[in-house]
Q: 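Shown below is the structure under consideration.
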Amino acid sequence: VDLLVAALPAFLASLVEFVEALTIVLAVGLTRGWRASLSGAIAAGALLAAMVLGFGPQLARVDDHVFKAVIGSLLLLFGLRWLHKAILRYGGVVALRDEQAKFTAGEASASALPQADGFDWAAAAVSFKATLLEGLEVVFIVLALGAKGSDALVAAAVGAVAAAVVVIGAGFAVRKPLARVPENALKFFVGGMLCSFGMFWSGEGLGVDWPGGDVALPVLLATTFGLSWIMVTGLRNRSVVA
Amino acid sequence: MKPLRWLIAAIRELVSLLVDDVLTFVGAVVGLTGTYLLAHHVTEAWAGYLMYAVVWVFLALSLNRAARR
């Protein structure tokens with residue numbers, strides 16, 4: 001159960017975030033040099049790990065209801081943001097994310113960075129910022145999906161680490177942005193899962209007594225994906241009429 | 001732009017992004033708590049589903065606004 005509820009969504013969500021961070025780290029590395037790019041990414045990774053190690057043990061002391069309300073709300077926010085974007089893309093309102101175009105834009109902005117005599121701080125800072133922002137989402141998602149207990153937390157962390165290994169390995173092998181990852185399908189699927197889990201946990205945290213207990217979770221999942229598809233169809237029909 | 005000035009601008013942008021996220025999060029928690037209190041007042045047993053329905057109304061309105069732009 002932990003594998004399905006925590007590890008799989010954590011793996012898929014982290015995959016999307018790491019691919020986005022990799023695009024920037026690669027663009028900076030190929031344009032400005034690997035030393036600065038990797039230093040920035042590693043520094044951000046160390047800061048994120050320190051945050052998990054620092055805050056993780058403290059979370060056990062937080063009241064269960066407060067914890068679920070806070071983490072559930074975070075999951076719901078991330079999920080809604082992802083689902084919103086994915087529905088607009090499937091509905092034909094917004095273009096699909098083009099990793100190659102993002103990479104080209106990243107290369108252009110990396111070339112325009114101020115030049116330094118010694119260590120390339122500007123390039124390191126860009127790499128640091130991209131990794132930190134994408135990584136922060138991964139940290140929150142892992143903490144949220146691991147909210148059910150230590151087994152779930154370990155499963156979610158394993159999912160995220162596996163995604164990191166896959167993305168870093170693939171990026172190291174091809175030295176190109178991972179444009180063939182089905183980013184929108186992943187965002188749609190994971191966004192729907194995060195929305196449903198987020199609603200369930202934030203509701204429990206606030207005091208909701210879900211009819212049927214844990215059975216409400218599959219009901220929320222089915223409702224989320226059903227409504228999302230209705231929205232996509234509505235937007236597609238609208239674009240055809242327009 | 002000089003490296004130091006660029007670095008300060010980059011830090012300012014990062015802090016601004018994080019502050020935006022924190023404010024959005026606080027707004028979401030306040031909004032959800034308010035919705036729960038209202039939903040609980042209307043129906044104790046189905047308060048969770050009523051909350052989710054409200055969330056979906058907001059999502060649909062936001063999608064509609066984005067599609068019109």
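All values derive from a computational prediction rather than experimental measurement. In the text below, chain A, chain B and the rest are named by the order of the sequence lines, each starting its count at 1.
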Q: Highest number of heavy-atom pairs under 4.5 Å with chain B: which of A/Thr223, A/Val94, A/Leu80, A/Leu132?
A: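 Between A/Thr223, A/Val94, A/Leu80, A/Leu132, the count favours A/Leu80.
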
Q: For chain B, which candidate among A/Ser228, A/Gly92, A/Gly91 shows the most heavy-atom pairs at distances under 4.5 Å?
A: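 Ranked by heavy-atom pairs under 4.5 Å with chain B, first place is A/Ser228.
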
Q: Tell me if the CG atom of B/Asn64 is crowded by more than 12 foreign heavy atoms within 6.0 Å.
A: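 Counting neighbours around CG of B/Asn64, more than 12 heavy atoms of other residues, nucleotides or ligands fall under 6.0 Å, so yes.
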
Q: Pick one of side chain, backbone, both or neither for B/Thr24, based on which atoms fall under 4.5 Å of a heavy atom in chain A.
A: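 Both parts, backbone and side chain.
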
Q: Between B/Tyr49 and chain A, which part of the residue has a heavy atom less than 4.5 Å away: side chain, backbone, both or neither?
A: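 Backbone plus side chain of B/Tyr49, per the 4.5 Å heavy-atom cut-off to chain A.
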
Q: Where on B/Asp21 is there a heavy atom nearer than 4.5 Å to chain A: the side chain, the backbone, both, or neither?
A: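 Only the side chain of B/Asp21 comes within 4.5 Å of chain A.
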
Q: A/Ser202 vs B/Tyr36, test: side chain to side chain donor-acceptor pair (under 3.5 Å). Steps then yes/no.
A: CA-CA 10 Å; A/Ser202 61; B/Tyr36 167 68; over 6 Å; no

Q: Say you draw a straight line from CG of A/Leu227 to CG of B/Leu59; how long is it, rounded to the nearest 0.5 Å?
A: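 Result: 9.0 Å between the selected atoms.
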
Q: Among B/Thr35, B/Leu37, B/Thr33, which residue satisfies the side-chain contact (heavy atoms from CB on, under 4.5 Å) criterion with A/Leu206?
A: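 Single pass found, and it is B/Thr33.
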
Q: Which atom names give the shortest non-hydrogen contact between A/Pro211 and B/Ala45, and what distance separates them?
A: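 For A/Pro211 and B/Ala45, the tightest heavy-atom pair comes out as CG-O, 3.5 Å.
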
Q: So for atom CH2, which belongs to B/Trp46, do other residues, nucleotides or ligands contribute more than 12 heavy atoms lying within a distance under 6.0 Å?
A: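 Counting other residues, nucleotides and ligands, CH2 of B/Trp46 stays at 12 neighbours or fewer.
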
Q: Please identify, among A/Leu220, A/Asp209, A/Leu235, A/Leu136, the residue contributing the most non-hydrogen atom pairs under 4.5 Å to chain B.
A: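 Among the listed options, the one with the most contacts to chain B is A/Leu220.
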
Q: Please classify the contact of B/Glu13 with chain A as side chain, backbone, both or neither, using a heavy-atom distance under 4.5 Å.
A: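 Interface part for B/Glu13: side chain.
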
Q: Using a 4.5 Å cut-off on heavy atoms from C-beta on, say whether the side chain of B/Trp56 contacts that of A/Met231.
A: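 Counting from C-beta outward, A/Met231 and B/Trp56 do come under 4.5 Å.
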
Q: Quick one: closest heavy-atom pair of B/Leu32 and A/Ser73, and the distance?
A: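 Taking B/Leu32 first and A/Ser73 second, the nearest heavy atoms are CD1-OG, 3.5 Å.
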
Q: For each of A/Gly207, A/Gly72, A/Ser196, tally heavy-atom pairs with chain B at distances under 4.5 Å, and name the one with the top tally.
A: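 Heavy-atom pair counts peak at A/Gly207.
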
Q: Using heavy-atom distances under 4.5 Å, tell me whether A/Val93 contacts chain B through its side chain, its backbone, both, or neither.
A: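 Interface part for A/Val93: side chain.
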
Q: For B/Ala67, is it the side chain, the backbone, both or neither that has a heavy atom under 4.5 Å from a heavy atom of chain A?
A: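 Both the backbone and the side chain of B/Ala67 come within 4.5 Å of chain A.
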
Q: Is B/Leu17 close to chain A through its backbone or its side chain, or both, or neither, when contacts mean heavy atoms under 4.5 Å?
A: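 Only the side chain of B/Leu17 comes within 4.5 Å of chain A.
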
